[in-house]
**Student:** 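Following this message is one structure expressed as C-alpha cells.
We use all heavy atoms of the structure for the numbers below, so side chains are in, but hydrogens, waters and symmetry mates are not.
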Amino acid sequence: MKKILATTLLLGVCAFSYEINFNKSFSKSVNADSLVSNINISVEKDNEKSVNSEIEKFNDFLKKTKDVEIKNANYNLSPKYVYEKNKSIFKGYLGESRFTIKSKDASKINDFLTNLSDLKDSINSKDIELRVSNLSWEVSPILRDSTLNDLRLESIIWVEDYAKSLNNKVSKKCEVKHINISENFAYPRAMVMSSAPALDSVKSFVSKEVAPISSEESITINTNFVLDCK
C-alpha cells in the first residue's frame, strides 16, 4: 500500500513539471560610423595596351593610398562594338576599374576624391570617365559585432533574472534549458550624395566638405527561450 502511494505521488509531481517556450527581441540604436562609396573608372581606347596603360596610372594611385580603405577592387577589359547597317563594327576596347572606398573620417574621403579628380585632370584625356556613387554612412563590422555581443549578453542576463522571478510566482524551480538567437543584419544607409556621372560633378562635390549626417541604425536580435520548470 505504501509503495503504491509513493508511486502515485511521484507521478503527480512529474505531471506538474512543464516547459515554457517564448520569443523576445532585444534592440540597440547606434550611430553609423563608416562613410562608403563605390568608384567606377572607365577608359575607352583603340587598343588594349592603351587602355591598360591608363588604368595602371589609377592602380598606382590606389596602391599609394593609406588613409582610405580600398575594397572589392575589380578590373574588366572588353571589346566594344557598335551596330551599323545590320553589321557589328569593332570600335576599340573598354576597360573598367571598380572599387569601394571606406573611412570613418569624412575628411579623408573628401581628400581621396580630390586627389582622384586631380589625377584624372593630369591625364587630360576625353576617353577616361570617373563616376562616384552615392556616399552613405553605414555601421562598420566592428561596431556591429560589438553591439551584437552586448545584445546577446543582455538577453542571457534578462532570461536568467526572469527564470528566478518565476520561482516564487509558480512555486517551482525554473531553469533556462535552451536559448536560440537570430540576428537582424538589415541596416539602412543614410545617403549624403547623389551619383556623380562626370568629373565636373565630382569636382563640385569635393570642393565642399562632407558633413557627417546624424543617423541612428537599430540593431536587433530575436531570441527564443525555453525554460524548464519542475
**Student:** Do the side chain of S122 and the main chain of L119 share a donor and acceptor less than 3.5 angstrom apart?
**Tutor:** yes
**Student:** I need the C174 SG to Y18 OH distance, nearest 0.5 Å.
**Tutor:** 5.5 Å
**Student:** Carefully, step by step, assess D121 and N124 under the rule side chain to side chain contact (heavy atoms under 4.5 Å, CB included).
**Tutor:** CA-CA 5 Å; D121 276 344; N124 191 26; over 6 Å; no
**Student:** Answer yes when K177 and E175 have at least one side-chain N-carboxylate O distance shorter than 4.0 Å, and no when they do not.
**Tutor:** no
**Student:** Per the side chain to side chain contact (heavy atoms under 4.5 Å, CB included) rule, which among T220, I221, I156, I181 passes with L151?
**Tutor:**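 In the set T220, I221, I156, I181, the residue that makes a side chain to side chain contact (heavy atoms under 4.5 Å, CB included) with L151 is I221.
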**Student:** So, the side chain of S133 versus the backbone of N38: is there a donor-acceptor pair under 3.5 Å, distance only?
**Tutor:**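 Yes; at least one donor-acceptor contact below 3.5 Å.
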**Student:** If you draw a 6.0 Å radius around OH in Y83, do more than 12 non-hydrogen atoms from other residues or ligands fall strictly inside?
**Tutor:** no
**Student:** Got a sec, which hydrophobics cluster with L153, joining ILVMFWY side chains under 4.5 Å apart, including via others?
**Tutor:**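 Besides L153, the hydrophobic cluster comprises I157, listed by chain and residue number.
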**Student:** Could you walk me through whether N21 and N224 pass side chain to side chain donor-acceptor pair (under 3.5 Å), step by step?
**Tutor:** CA-CA 7 Å; N21 188 320; N224 173 257; 2.9 Å; yes
**Student:** Between N40 and S97, does the side chain to side chain contact (heavy atoms under 4.5 Å, CB included) criterion hold? Intermediate values first, please.
**Tutor:** CA-CA 6 Å; N40 185 311; S97 177; over 6 Å; no
**Student:** Please give me the minimum heavy-atom distance between Y93 and V51, naming the atom from each residue.
**Tutor:** O-CG2, 3.7 Å
**Student:** So, T65 side chain and V68 main chain: donor-acceptor pair closer than 3.5 Å or not?
**Tutor:**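 No: the side chain of T65 does not pair with the backbone of V68.
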**Student:** Identify which one of I39, L62, N72 satisfies the side chain to side chain contact (heavy atoms under 4.5 Å, CB included) criterion when paired with I101.
**Tutor:** I39
**Student:** Does N59 form a side chain to side chain contact (heavy atoms under 4.5 Å, CB included) with E56? I'd like the steps, not just the answer.
**Tutor:** CA-CA 5 Å; N59 287 340; E56 191 60 32; 3.6 Å; yes
**Student:** I'd like to check T100 versus I70 (side-chain heavy atoms, cut-off strictly below 4.5 Å). Are they in contact?
**Tutor:** no
**Student:** Could you pull out all residues at least two apart from K230 that satisfy side-chain hydrogen bond (donor to acceptor under 3.5 Å, both in side chains)?
**Tutor:**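 Checked K230 against side-chain hydrogen bond (donor to acceptor under 3.5 Å, both in side chains); zero matches.
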**Student:** Would you call E54 and K57 a salt bridge, using N to O less than 4.0 angstrom?
**Tutor:** yes
**Student:** State, with a plain yes or no, whether a side-chain heavy atom of E48 is found less than 4.5 Å away from one of L77.
**Tutor:** yes
**Student:** Tell me, do I219 and V139 make a side-chain contact under 4.5 Å, heavy atoms counted?
**Tutor:** yes
**Student:** Does a salt bridge link E183 with R152, judged by any charged N lying under 4.0 Å from a carboxylate O?
**Tutor:**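 Yes.
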**Student:** What class does the angle between the rings of F22 and Y162 fall in, given that below 30° is parallel, 30 to 60° is tilted and above 60° is perpendicular?
**Tutor:**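 Correct class here is perpendicular.
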**Student:** Do K120 and I128 come close enough that some side-chain heavy atom pair is under 4.5 Å?
**Tutor:**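 Yes, at least one pair of side-chain atoms sits under 4.5 Å.
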**Student:** Please tell me if the side chains of I20 and V226 come closer than 4.5 Å, counting only heavy atoms from C-beta onward.
**Tutor:**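 In short, these two side chains do not touch, never coming nearer than 4.5 Å.
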**Student:** Between S53 (side chain only) and K49 (backbone N and O only), is there a donor and an acceptor less than 3.5 Å apart?
**Tutor:**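 Checked: no pair found.
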**Student:** Can you find a side-chain donor-acceptor pair between N110 and S107 that sits under 3.5 Å?
**Tutor:** no
**Student:** Quick check: are there more than 12 heavy atoms from other residues, nucleotides or ligands sitting under 6.0 Å from CD1 of I142?
**Tutor:**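 No, the 6.0 Å shell around CD1 holds no more than 12 heavy atoms from other groups.
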**Student:** Where do P141 and K102 come nearest, in terms of heavy atoms and distance?
**Tutor:** CD-NZ, 4.5 Å
**Student:** Measure the spacing between CG of D60 and CD1 of I55 and express it to the nearest 0.5 Å.
**Tutor:** 11.5 Å
**Student:** Enter the distance from R98:CZ to I41:CD1 here, rounded to the nearest 0.5 Å.
**Tutor:** 11.5 Å
**Student:** If every non-hydrogen atom of F90 is compared with every non-hydrogen atom of P79, which pair is closest and at what distance?
**Tutor:** CE1-CB, 3.9 Å
**Student:** Measure the OG1-CZ distance between T223 and F26 for me, rounded to the nearest 0.5 Å.
**Tutor:** 5.5 Å
**Student:** Same cluster for Y81 and L94 if Ile/Leu/Val/Met/Phe/Trp/Tyr side chains link at under 4.5 Å?
**Tutor:** no
**Student:** Nearest 0.5 Å, please: how far is NZ in K173 from CG in L227?
**Tutor:** 13.5 Å
**Student:** If you measure from OG on S103 to CG on D33, what distance do you get to the nearest 0.5 Å?
**Tutor:** 10.5 Å
**Student:** I'd like to know whether CG of D105 has more than 12 heavy-atom contacts from other residues, nucleotides or ligands below 6.0 angstrom.
**Tutor:**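 Check passes, neighbour count above 12.
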**Student:** Take K28 and D150 through the test side chain to side chain contact (heavy atoms under 4.5 Å, CB included) and record every step on the way to the result.
**Tutor:** CA-CA 9 Å; K28 184 176 182 180; D150 290 342; 3.4 Å; yes
**Student:** Do S155 and F225 have side chains that get closer than 4.5 Å, going by heavy atoms?
**Tutor:** yes
**Student:** What are the two closest non-hydrogen atoms of D46 and K91, and how far apart are they?
**Tutor:**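 D46 and K91 have their closest heavy atoms at OD1-O, 4.4 Å.
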**Student:** Grab the two heavy atoms, one from K63 and one from K66, that are nearest each other, plus how far apart they are.
**Tutor:** O-NZ, 3.8 Å
**Student:** Should F61 and L116 count as side-chain neighbours, where that means a heavy-atom distance under 4.5 Å?
**Tutor:**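 Side chain of F61 against side chain of L116, heavy atoms only: contact under 4.5 Å found.
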**Student:** Between F99 and F58, is the ring centroid distance below 6.0 Å?
**Tutor:** no
**Student:** Do K24 and W158 have side chains that get closer than 4.5 Å, going by heavy atoms?
**Tutor:** yes
